[in-house]
Amino acid sequence: MSDFDFDAIDFVTSDHHFGHARISELAGRPFSSVDEMNAVMIERWNALVKPDEVVLHLGDLALGPIEQSVGLTSRLNGKRLLVPGNHDRVSPATQSNRAIERFRPIYEDAGWTVLPEVVEGTRHGARLLASHYPYAGDSTGVERHSSHRPADAGIPLIHGHTHENDFGPHGSHEFHVGVDAFGFAPIQFELIDAWLEDLRREEESIAAIVRERTVAGESTPLDELAREFGVDLGGGDAV
């Protein structure tokens with residue numbers, strides 16, 4: 001989906017796994033029960049998000065009995081947009097078209113607008129992609145759903161899926177927004193703005209050095225400049 005209006009987004013998040021009884025065990029979450037996890041995540045969401053604010057959720061919203069687990073999310077504040085993850089019943093990566101049409105009303109009744117698997121647009125004029133999946137990396141040793149991931153053309157990407165505890169930027173142009181890295185709560189999009197501004201300054205700095213050395217008749221290998229500015233030209237390590 002192109003021309004998505006990221007300027008309209010106030011918060012971004014992913015990978016809540018509401019109703020998933022085993023996710024605390026699998027992802028090392030500090031909850032004694034699924035009911036405690038659900039309650040804490042709803043409380044933290046509503047403490048941050050006002051009813052009129054817009055939240056972009058990057059998938060794996062809820063598991064377990066679908067009516068019950070997705071139904072829980074109707075208690076969440078805000079206008080809510082869902083980019084499907086592999087565990088969502090509206091995911092083209094794991095569900096048939098017939099299943100998606102069957103389950104979509106359950107999400108819509110809980111207040112969700114279901115988006116495509118990859119959305120592309122701009123934030124304050126800067127190009128940005130959003131997907132459940134990173135360009136590369138997985139929570140297992142297997143690179144799953146590769147045909148449903150965005151193609152890496154160097155555009156900054158916000159994503160979930162990995163359940164990493166490390167938050168924020170990784171590689172050269174990816175940013176993990178999952179709740180396991182952010183205290184089980186959404187994050188303000190201003191954090192993404194700061195990251196995009198850092199990327200812009202980095203690109204401008206590299207371009208300026210290249211211009212200066214070209215004028216001086218010097219030749220500097222691109223990988224040398226990349227190391228100087230901490231840029232991973234290989235697209236980043238898998239996580």
Side-chain angles (χ1 to χ4, degrees), residues 1 4 6 9-20 22-24 26-29 37-38 41-42 44-45 48-49 54-63 69-70 73 76 78 80-95 107 112-121 123 128-140 142-152 155-171 173-189 191-192 195-196 235-239:
M1 178 181 181
F4 182 77
F6 284 102
I9 305 301
D10 299 299
F11 293 86
V12 64
T13 189
S14 74
D15 295 277
H16 280 74
H17 286 241
F18 283 107
H20 186 183
R22 292 193 62 214
I23 190 60
S24 287
L26 296 172
R29 294 185 175 181
M37 180 186 75
N38 292 337
M41 293 195 301
I42 291 171
R44 293 186 183 182
W45 179 302
L48 288 170
V49 180
V54 182
V55 183
L56 179 64
H57 195 289
L58 301 186
D60 284 7
L61 173 67
L63 278 77
S69 58
V70 173
T73 68
L76 299 172
R80 290 169 277 119
L81 313 177
L82 177 65
V83 172
N86 53 297
H87 287 297
D88 295 309
R89 302 291 184 89
V90 286
S91 166
T94 56
Q95 303 291 323
Y107 289 81
W112 293 93
T113 298
V114 179
L115 301 178
E117 287 183 295
V118 179
V119 292
E120 178 180 355
R123 175 75 175 186
L128 183 63
L129 287 175
S131 170
H132 177 65
Y133 311 99
Y135 287 128
D138 210 296
S139 57
T140 70
V142 179
E143 197 87 350
R144 297 171 295 167
H145 313 301
S146 57
S147 63
H148 294 266
R149 297 175 185 247
D152 187 355
I155 302 173
L157 169 71
I158 53 177
H159 71 88
H161 187 59
T162 63
H163 292 278
E164 287 290 321
N165 292 324
D166 296 333
F167 60 84
H170 62 97
H173 53 283
E174 297 179 76
F175 194 112
H176 172 236
V177 302
V179 293
D180 294 282
F182 288 97
F184 306 101
I187 60 172
Q188 291 90 342
F189 221 89
L191 188 57
I192 307 301
W195 171 62
L196 291 173
D237 295 332
V239 293

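Between the side chain of Y133 and the backbone N or O of E117 there is no donor-acceptor pair closer than 3.5 Å. Using a distance-only test at 3.5 Å, with no hydrogens or angles considered, no donor-acceptor pair links the side chain of D15 to the main chain of D60. A donor-acceptor contact shorter than 3.5 Å is absent between the side chain of S131 and the backbone of V118. A donor-acceptor pair is defined here as one N or O able to donate and one able to accept, closer than 3.5 Å; such a pair exists between the side chain of R44 and the backbone of G183. No donor-acceptor distance shorter than 3.5 angstrom exists from the side chain of E174 to the backbone of P134, with no hydrogens or angles considered. When atom types are taken as modelled, the side chain of R123 and the backbone of I9 share a donor-acceptor pair closer than 3.5 angstrom. Not a single donor-acceptor pair under 3.5 Å links the side chain of S14 to the backbone N or O of G59. With T94 contributing its side chain and N86 its backbone, the two residues share a donor-acceptor pair below 3.5 Å.
Contact of the F6 side chain with the L196 side chain is not registered, since no non-hydrogen atoms from C-beta on lie closer than 4.5 Å. V179 is listed as a side-chain neighbour of R29, based on a closest heavy-atom distance under 4.5 Å. Annotation: side chain of Y135 is in contact with side chain of I155 (closest heavy-atom distance under 4.5 Å).
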- Go through the steps for D88 and Q95 under the test side-chain contact (heavy atoms from CB on, under 4.5 Å), then give the verdict. CA-CA 8 Å; D88 295 309; Q95 303 291 323; over 6 Å; no

- Task: For the pair V49 and D10, evaluate side-chain contact (heavy atoms from CB on, under 4.5 Å) and give the outcome as yes or no after the intermediate values.
- Result: CA-CA 9 Å; V49 180; D10 299 299; over 6 Å; no

- Message: Show, in sequence, the C-alpha distance, side-chain angles and deciding distance for L115 and L56, and conclude whether the side-chain contact (heavy atoms from CB on, under 4.5 Å) test is met.
- Response: CA-CA 10 Å; L115 301 178; L56 179 64; 3.8 Å; yes

- Message: Set out, in order, the CA-CA distance, both residues' side-chain angles and the distance that settles side-chain hydrogen bond (donor to acceptor under 3.5 Å, both in side chains) for H20 and H87, then state yes or no.
- Response: CA-CA 10 Å; H20 186 183; H87 287 297; over 6 Å; no

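A distance of 9.0 Å separates CE in M41 from CG in L76, rounded to the nearest 0.5 Å. One finds the CG atom of L157 at 8.0 Å from the CG atom of D152 (value rounded to the nearest 0.5 Å). Rounded to the nearest 0.5 Å, atoms CG (L128) and CD1 (I158) are 5.0 Å apart. Interatomic distance, CD1 of I187 versus CD1 of I192, reported as 4.5 Å (0.5 Å rounding). One finds the CG atom of L81 at 11.5 Å from the NE2 atom of H57 (value rounded to the nearest 0.5 Å). A distance of 6.0 Å separates CG of L61 from CG of L82, quoted to the nearest 0.5 Å.
The two atoms that bring L58 and A130 nearest to each other are CD2-CB, 3.9 Å, heavy atoms only.
The distance between the ring centers of H132 and H159 does not fall below 6.0 angstrom.
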